[in-house]
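This report concerns only the one structure given below.
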Amino acid sequence: MVGSENNQLASKTPFVSNNAFGSVSDMLTRIFAAAFSEMGIASELGKVVISERRDLSNYQCNGALAAARELKQNPRQIAEKIIDLVRKSQEREIFSTLSIDGPGFINIKLSDKFLIRTLRSLQQNKIIAPLPANELKHTMVDFGGANIAKPMHVGHLRTTLLGDCLQRLCRFLGLKVTSDTHLGDWGTQMGMLIAEMRHKFPELPYFKSDFNGPYPTESPVTIEDLEALYPQASKRCQSDKESMAQALYETTQLQNGVPYARALWQHFVNVSIKALKEDFAALGVYFDLWKGESDIHDRIPAILERLKKEGHAVTSNGALVIPLQDPTGKEEIPPLLLVKSDGAYLYGTTDVATLEERLEDLHVEQLWHVVDKRQSLHFKQFFLAARQIGMAGPNIQLEHIAFGTVNGPDRKPFKTRTGGVMKLKELIHQATDEARKRLAEMRAAADYDAAEREEIAKAVGIAALKYGDLMHDHNTDYVFDLEKFSRFEGRTGPYVLYAAVRIKAILRKAKEQSLAVGPITTITGIERELMLELLRLPDILYSTYHKRMPNYLCDYAYDLAYNFNRFYLECHILSEKDEDLRSSWLGLCDLCLFELETVLSLLGIDVPERM
RNA sequence: GCGCCCAUAGCUCAGCUGGAUAGAGCGCUUGGCUUCGAACCAAGAGGUCGUGAGUUCGAAUCUUACUGGGCGUACCA
């Protein structure tokens, strides 16, 4: 029979393989898909999802309803047959009940045996199955959006946290990842800075035409100087044509590699990178590469030549552009500009050259740009151009991971009280302050020494900040409310952290009392909910990856913490007299901590030992 | 003008392929600590899912028109 073959097929792809724990809903889907196809119905309809009616089931399959429309049959009868087939399969011991409710929903309850067996294997190995081999693409995450001479501010928060979460998640799921900030270290802004330096400090050796010796190894400016210099330079050039001409002149000197300009520029870059690394480090964010626009500058002429020769790039209104055709033919897409009429390169030019480098030298297969959604037209143009000129083939994934603005209570982009741009450093300080305040209010950690208290405040502050940001769907704007994010009640980082710390406290006490942390063996009541929650981890990780939606991780972390708190309240673990039950519960605590810490670490949040 | 996105409880937000009674947190009302950290938990009130029409057995979800808001629209990034 076809059917038994299908069932065997399903059982040959266990969701626990090589000790690695996979998706339960995928595993159930395989079983149901086999049953659907055995009935001659499209197997896609066998999709099993986590139940929306927790009171009725753990998982559900709605495929019979859709099948009923195609087959023009009664959905309940179809569901009946599906259930019969599943009951006959080798997998029947997974289920405690399979029932049909409403118009034809198949409600699935898992057996205790299955639940215990599965969690025990996870408990032993603590390995989550990586993505299937064909999905393990070399992924580049381009995020952070750092620039020379410009401080990191609140506008960099989302790209940094989102990008970092994505790179952590990809690595966790077995992908090869290369992250790159792609510094804005080239172009007119750099010329403007040099011109400003010449204007203010003409006595520096860089500006002496008769200077022969090597230029100083010490930077003439600090990061603070640079940050102050940049707005002045920018303002001067905007208001004064003469200054702009000077800036363009310096830009040319730099691009032609004239020593004084290069030397000065190198100082700017060094000083800036040092400061940027500190900013990122304060958030626990690290990059594999610190490439910049300057790195690909030399590639540009050859690319432009080729594009002109191949007819991809044409002159239009004095500029060199790639005309774009919308594949759907519906809308008109403005061309991608490569060279301005004054000869300067643009955003799109460096993007194309950088893409070439990433594809040819680094062999990246998947490229994610984590950038403000206001730039979506640019990325649409850039990606389309990359396809049109044949640079990115069909196997290359290009994606703009767009995010909305961080708003203040007035729903306008977040500002300081005085109306200025909030620096990232300042934001982290405020988060730490808020956490410190909360901890003091609750008289928490009062008996710890000052250094530990400070460390805890930092950890809690970062958790509040990161969770508060990442919990929101990145496609939309959100209201930044530090006071709210820092609460220990509700859907916040500190709440989740608290649950994890509670577990650590129990495990510590258990160890002190030499109580065994054993395999999970029993289900008595409320902990079943927690166990079902624990079963979802792989599903959550995979869907977070596939949708590129870290907010799923945040939701899940909260659900875990909440379910643990319920279990904790109801079951008094350490005082439990039944040794087996106690060690089973301790095992459950340990597993829950493992999952919480896993999810939090993907969000970039560390759990302190106590708080 | 054209294009993209958004509109869900008093507030901030979820809502996975079109599915059952639209969820959560905060706030509000009420209840639970001689026991592992009450920084917790439980219960309740609160909704014409922006408006109208359409597709469907079934729409917050898909189509369409409209209203209100955000953003972008060739030489900035």
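Below, chain A is the first sequence line, B the second, and so on; all start at residue 1. This is a predicted model, so every value here is computed, not measured.
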Below 4.0 Å: OP1/OP2 of [N] and any side-chain N or O of [X]:
| X | N | result |
| --- | --- | --- |
| Arg374(A) | C5(B) | no |
| Lys547(A) | U17(B) | yes |
| Arg566(A) | A42(B) | yes |
| Asn565(A) | C41(B) | yes |
| Tyr495(A) | C41(B) | yes |

With both distances under 3.5 Å as the test, what is the Watson-Crick or G-U wobble partner of [N]?
| N | value |
| --- | --- |
| A42(B) | U30(B) |
| G18(B) | none |
| U61(B) | none |
| U56(B) | none |
| G1(B) | U73(B) |
| C11(B) | G25(B) |

May I ask you to decide whether [X] forms a salt bridge with [Y], counting only side-chain N to carboxylate O separations under 4.0 Å?
| X | Y | result |
| --- | --- | --- |
| Asp555(A) | Arg491(A) | yes |
| Lys373(A) | Asp477(A) | yes |
| Glu512(A) | Lys509(A) | no |
| Arg236(A) | Glu196(A) | yes |
| Lys412(A) | Asp410(A) | no |
| Lys458(A) | Glu455(A) | no |

Exercise. Are side-chain heavy atoms of Ile303(A) and Leu338(A) found at a separation under 4.5 Å?
Worked result: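 Answer no - side chains too far apart.
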As a test of reading the structure: which of [options] is closest to the side chain of [X], going by heavy atoms?
| X | options | answer |
| --- | --- | --- |
| Leu337(A) | A74(B), C40(B), G19(B) | A74(B) |
| Ser316(A) | C26(B), A74(B), G72(B) | A74(B) |
| Arg491(A) | U17(B), A24(B), G19(B) | A24(B) |
| Tyr558(A) | A24(B), U35(B), G32(B) | A24(B) |

Return the value, rounded to whole Å, for the distance between atom [atom1] of [X] and atom [atom2] of [N].
| X | N | atom1 | atom2 | value |
| --- | --- | --- | --- | --- |
| Lys412(A) | G70(B) | NZ | P | 8 Å |
| Tyr478(A) | G69(B) | OH | P | 25 Å |
| Asn147(A) | C76(B) | CG | P | 16 Å |
| His156(A) | A77(B) | NE2 | P | 15 Å |
| Arg487(A) | A24(B) | CZ | P | 18 Å |
| Asn551(A) | A14(B) | CG | C1' | 8 Å |
| Asp473(A) | G25(B) | CG | P | 20 Å |
| Gln60(A) | C16(B) | CD | C1' | 11 Å |

Heavy atoms under 4.0 Å, any strand shown: does [X] hit a base, just sugar-phosphate, or nothing?
| X | answer |
| --- | --- |
| Glu52(A) | base |
| Asp539(A) | nothing |
| Val479(A) | sugar-phosphate |
| Leu56(A) | base |
| Asp101(A) | base |
| Cys571(A) | base |
| Asp555(A) | sugar-phosphate |
| Glu293(A) | sugar-phosphate |
| Thr476(A) | sugar-phosphate |
| Phe382(A) | nothing |
| Lys380(A) | nothing |
| Thr405(A) | nothing |
| Ile573(A) | base |
| Val321(A) | base |

Problem set entry | Which residues share a side chain to side chain donor-acceptor pair (under 3.5 Å) with Arg438(A), sequence neighbours left out |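 If we apply the side chain to side chain donor-acceptor pair (under 3.5 Å) test to Arg438(A), skipping adjacent residues, the hits are Glu483(A).
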For this session: Would you please indicate yes or no on a ring centroid separation below 6.0 angstrom for Phe480(A) and Phe485(A)?
Result: yes
If you measure from the [atom1] atom in [N] to the same atom in [M], how many Å do you get, rounded?
| N | M | atom1 | value |
| --- | --- | --- | --- |
| U30(B) | A45(B) | C1' | 11 Å |
| G32(B) | A38(B) | C1' | 9 Å |
| U61(B) | G54(B) | C1' | 15 Å |
| G47(B) | G23(B) | C1' | 12 Å |
| U67(B) | C6(B) | C1' | 14 Å |
| G27(B) | A42(B) | P | 15 Å |
| A7(B) | G15(B) | C1' | 15 Å |
| G18(B) | C13(B) | C1' | 23 Å |

Exercise. Would His572(A) pass as stacked on U35(B), i.e. its ring centre under 5.5 Å from the base's six-membered ring centre and planes under 30° apart?
Worked result: yes
For this session: Could you say whether the aromatic ring of Phe105(A) and the base of G19(B) stack, counting only centre distances under 5.5 Å and plane angles under 30°?
Result: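 No.
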For this session: Between Phe488(A) and Ser376(A), name the one whose nearest nucleotide on RNA chain B is closer to the 5' end.
Result: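 Checking each residue's closest nucleotide, the 5'-ward one belongs to Ser376(A).
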Problem set entry | Most 5' of Tyr498(A) and Pro103(A) on RNA chain B, judged by nearest nucleotide | Pro103(A)
For this session: Let me see the working for Tyr345(A) and His297(A) under ring-ring contact (aromatic ring centres under 6.0 Å, His included), right down to the final yes or no.
Result: CA-CA 10 Å; Tyr345(A) 300 149; His297(A) 190 254; 5.7 Å; yes
Exercise. Is there a donor N/O on one and an acceptor N/O on the other, under 3.5 Å, for the side chain of Asn107(A) and the base of A20(B)?
Worked result: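 Yes, the side chain and the base share a sub-3.5 Å donor-acceptor pair.
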